[in-house]
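Written below as structure tokens is the structure these notes are about.
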Amino acid sequence: GRIPRAGARRRQRPRRLAPWTTPVPGRRLSLVAMDSTTVINALTIDVEDYFQVSAFAPHIPRSEWPTRECRVERNVDRILAMLDQHGTHATFFTLGWVAERYPALVRRIVAEGHELASHGYGHERASDQTEPAFFADINLAKLILEDLAGQEVKGYRAPSFSIGARNLWAFDCLERAGYCYSSSIYPIRHDHYGMPEAPRHAHSVGGLLEIPATTLRFLNRNWPASGGGYFRLMPYGLSRWMLRRINHVDKLPAVFYFHPWEIDPDQPRIPDIGSRTRFRHYVNIHRMEARLQRLLGDFRWGRMDHLFLSKA
């Protein structure tokens with residue numbers, strides 16, 4: 001049947017968005033504490049389980065997801081404890097699929113003062129979906145999350161940063177579904193995603209705010225500086241230097257992301273995967289939690305909505 005819209009904004013007719021537009025009239029970016037010594041950065045967690053990683057899709061059919069050992073709840077609980085230890089709040093981009101199965105986890109995230117945001121329903125890349133299928137996915141996820149949390153879900157992040165030059169219509173879908181911001185573009189060159197020509201910092205696209213994953217501009221190129229596998233691969237000192245340079249030189253907050261499975265070295269190993277996929281997924285996974293502890297101590301962190309959205 002037809003899925004109702006969650007908080008949809010009525011418009012007379014759909015329109016195709018220009019790639020990058022001027023700031024929305026009346027919307028002011030509330031970039032908190034822009035002094036280079038006190039910048040508050042955005043800490044984000046993409047809530048998905050190890051078997052839902054896009055690179056594993058050829059090896060783990062979706063039909064097998066319910067039969068796999070789920071470890072996402074225990075890993076998120078460890079993250080919540082870590083954040084509480086440091087007095088830090090974050091944004092949790094959560095799959096609707098996970099939220100349906102762990103409603104108490106969703107409520108704990110909200111109860112502890114964190115922002116609940118959407119990662120879509122079933123971790124399908126936006127670039128692999130038709131426009132109607134994408135709208136149905138993001139709308140369903142929003143409905144599920146808002147019903148469980150009892151509050152508006154304002155933000156969305158596409159799985160694998162899968163919004164780019166070929167599917168900019170996705171921003172129109174997000175706006176129609178009632179989202180306020182997206183963090184779905186990674187302005188780098190990568191074999192699976194990326195839009196290097198996109199603006200590096202928060203900007204408006206139509207009536208939506210896009211907040212890209214953080215990059216460092218160096219040697220006429222954008223370098224990834226926002227977490228995930230890159231954070232595990234690079235020495236911690238290099239990651240810290242990149243983030244500090246963004247704070248001190250750009251005088252802007254960084255957007256950092258990671259996944260719950262990245263702090264879980266005991267997760268089941270997936271057999272028969274390629275060497276590149278194996279390396280990207282498992283490299284330095286046993287060091288990740290200790291590195292995050294250092295990161296939380298070396299920088300100030302906050303929620304996406306508090307940092308980037310206008311205050312009422």
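Computed from a predicted structure; not experimentally measured.
The two residues A170 and I163 make their nearest non-hydrogen contact at CB-CD1, 3.7 Å. The shortest heavy-atom contact between P212 and P187 is CB-CD, 3.9 Å. Listed here is the closest heavy atom pair of A225 and M242: CB-CE, 3.8 Å. A pairwise comparison of heavy atoms in L216 and R245 identifies CD1-CD, 3.5 Å as the closest pair. Considering all non-hydrogen atoms of both residues, S54 and S160 come closest at OG-OG, 2.9 Å. Scanning all heavy atoms of the two residues, the minimum distance from A117 to G155 falls at CB-O, 3.4 Å.
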Hey, mind stepping through R300 and N41 against side chain to side chain donor-acceptor pair (under 3.5 Å) and telling me if it holds? CA-CA 6 Å; R300 299 180 65 193; N41 300 290; over 6 Å; no
Apply side chain to side chain donor-acceptor pair (under 3.5 Å) to H203 and E210, showing your working. CA-CA 5 Å; H203 57 279; E210 170 60 27; 5.9 Å; no
Please lay out, stage by stage, how V72 and E48 fare under the test side-chain contact (heavy atoms from CB on, under 4.5 Å). CA-CA 7 Å; V72 66; E48 63 197 55; over 6 Å; no
Given H119 and V47, is the side-chain contact (heavy atoms from CB on, under 4.5 Å) satisfied, shown in steps? CA-CA 8 Å; H119 201 31; V47 181; over 6 Å; no
Salt bridge (charged side-chain N to carboxylate O under 4.0 Å, His left out) between D298 and R240, worked out: CA-CA 8 Å; D298 286 342; R240 181 176 56 193; 3.5 Å; yes
Between S118 and Y179, does the side chain to side chain donor-acceptor pair (under 3.5 Å) criterion hold? Intermediate values first, please. CA-CA 9 Å; S118 169; Y179 290 93; 3.2 Å; yes
What's the verdict on side-chain contact (heavy atoms from CB on, under 4.5 Å) for R68 and D49, showing C-alpha distance, side-chain angles and the deciding distance? CA-CA 10 Å; R68 292 275 173 171; D49 222 327; over 6 Å; no
One pair to check against side-chain contact (heavy atoms from CB on, under 4.5 Å): R78 and E289. What are the steps and the verdict? CA-CA 10 Å; R78 288 168 61 193; E289 187 166 359; 2.3 Å; yes
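No side-chain donor-acceptor contact under 3.5 Å links T91 and R303. With hydrogens and angles left out, the side-chain atoms of S184 and S182 include a donor and acceptor closer than 3.5 Å. A donor-acceptor contact closer than 3.5 angstrom links the side chains of N284 and R287. Judged by distance alone, the side chains of H86 and Q293 do bring a donor and an acceptor atom under 3.5 Å apart. Side chain to side chain, Y186 and S226 meet the donor-acceptor criterion of an N or O pair below 3.5 Å. Between H89 and E115, the side chains place no donor N or O within less than 3.5 Å of an acceptor N or O (distance only, hydrogens not considered).
Q151 contributes atom CD, which lies 7.0 Å from atom CG of L116 (distance to the nearest 0.5 angstrom). Atom CD1 of I60 is separated from atom CH2 of W65 by 9.0 Å, given to the nearest 0.5 angstrom. Between atom CG of residue D264 and atom NE2 of residue H286 there is a gap of 14.0 Å, rounded to the nearest 0.5 Å. For the atom pair R71 CZ and I263 CD1, the distance stands at 10.5 Å (nearest 0.5 Å). How far CD1 of I79 is from CG of L43: 9.0 Å, rounded to the nearest 0.5 Å. Between L252 atom CG and H201 atom NE2 the span is 5.0 Å, to the nearest 0.5 Å.
F308 has its side chain within reach of L209: a pair of non-hydrogen atoms, C-beta onward, lies under 4.5 Å apart. Side-chain contact between P224 and T215 is absent, with no heavy-atom pair separated by less than 4.5 Å. Using a 4.5 Å heavy-atom threshold, the side chains of R217 and N222 count as touching. Proximity of S127 to R166: side-chain heavy atoms (C-beta onward) are nowhere separated by under 4.5 Å. Side-chain contact check for V255 versus R157: some heavy-atom pair is nearer than 4.5 Å. In this structure, the side chains of I40 and W301 stay at 4.5 Å or more apart for every pair of heavy atoms. Counting only heavy atoms from C-beta outward, the side chains of L309 and H306 never approach each other to under 4.5 Å. A 4.5 Å side-chain heavy-atom check between F299 and N247 finds at least one atom pair inside the cut-off.
Cluster membership for F218 and M234, using ILVMFWY side-chain heavy atoms within less than 4.5 angstrom, is shared. Under the 4.5 Å side-chain heavy-atom criterion for ILVMFWY residues, no single connected hydrophobic cluster contains both I285 and F279. A single hydrophobic cluster is seen to contain both Y230 and W223, as judged by linkage of ILVMFWY side chains at heavy-atom distances under 4.5 Å, directly or through other members.
Judged by distance alone, the side chain of E146 and the main-chain N or O of V153 form a donor-acceptor pair under 3.5 Å. No donor-acceptor pair under 3.5 Å is formed between the side chain of E175 and the backbone N or O of D172. In this structure a side-chain-to-backbone donor-acceptor pair under 3.5 Å is missing from T214 to A254. In this structure a side-chain-to-backbone donor-acceptor pair under 3.5 Å is present from N167 to G164. Between the side chain of T94 and the main chain of F92, a donor-acceptor pair closer than 3.5 Å is present.
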Extract all donor-acceptor atom pairs below 3.5 Å that involve side chains of residues 98-110 and protein atoms in other chains or at least two apart in sequence.
{"residue": "E100", "atom": "OE1", "partner": "Y121", "partner atom": "OH", "Å": "2.5"}
{"residue": "R101", "atom": "NH1", "partner": "W97", "partner atom": "O", "Å": "3.0"}
{"residue": "R107", "atom": "NE", "partner": "L148", "partner atom": "O", "Å": "3.4"}
{"residue": "R108", "atom": "NE", "partner": "D77", "partner atom": "OD1", "Å": "3.1"}
{"residue": "R108", "atom": "NH2", "partner": "E73", "partner atom": "OE2", "Å": "3.1"}
{"residue": "R108", "atom": "NH2", "partner": "D77", "partner atom": "OD1", "Å": "3.1"}
{"residue": "R108", "atom": "NH2", "partner": "D77", "partner atom": "OD2", "Å": "3.2"}

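Heavy atoms from other residues, nucleotides or ligands lying under 6.0 Å from CH2 of W241 number more than 12.
Residues F231 and Y257 place their aromatic rings such that the two centres sit no closer than 6.0 Å. Here W261 and H281 bring their ring centres to under 6.0 angstrom of each other. Ring pair W169/F134: centre-to-centre distance below 6.0 Å.
Using cut-offs of 30° and 60° for the angle between ring planes, the F56 and Y282 rings count as tilted.
Ionic pairing of E69 and R269 is not present here: no N-O contact between side-chain nitrogen and carboxylate oxygen is shorter than 4.0 angstrom. In summary, R200 and D250 engage in a salt bridge, as defined by a charged side-chain N under 4.0 Å from a carboxylate O.
Remark: D84 engages no residue in a salt bridge (charged side-chain N to carboxylate O under 4.0 Å, His left out) (not counting sequence neighbours).
Cation-pi geometry between K154 and Y181 is not met at under 6.0 angstrom from the ring centre and within 45 degrees of the axis.
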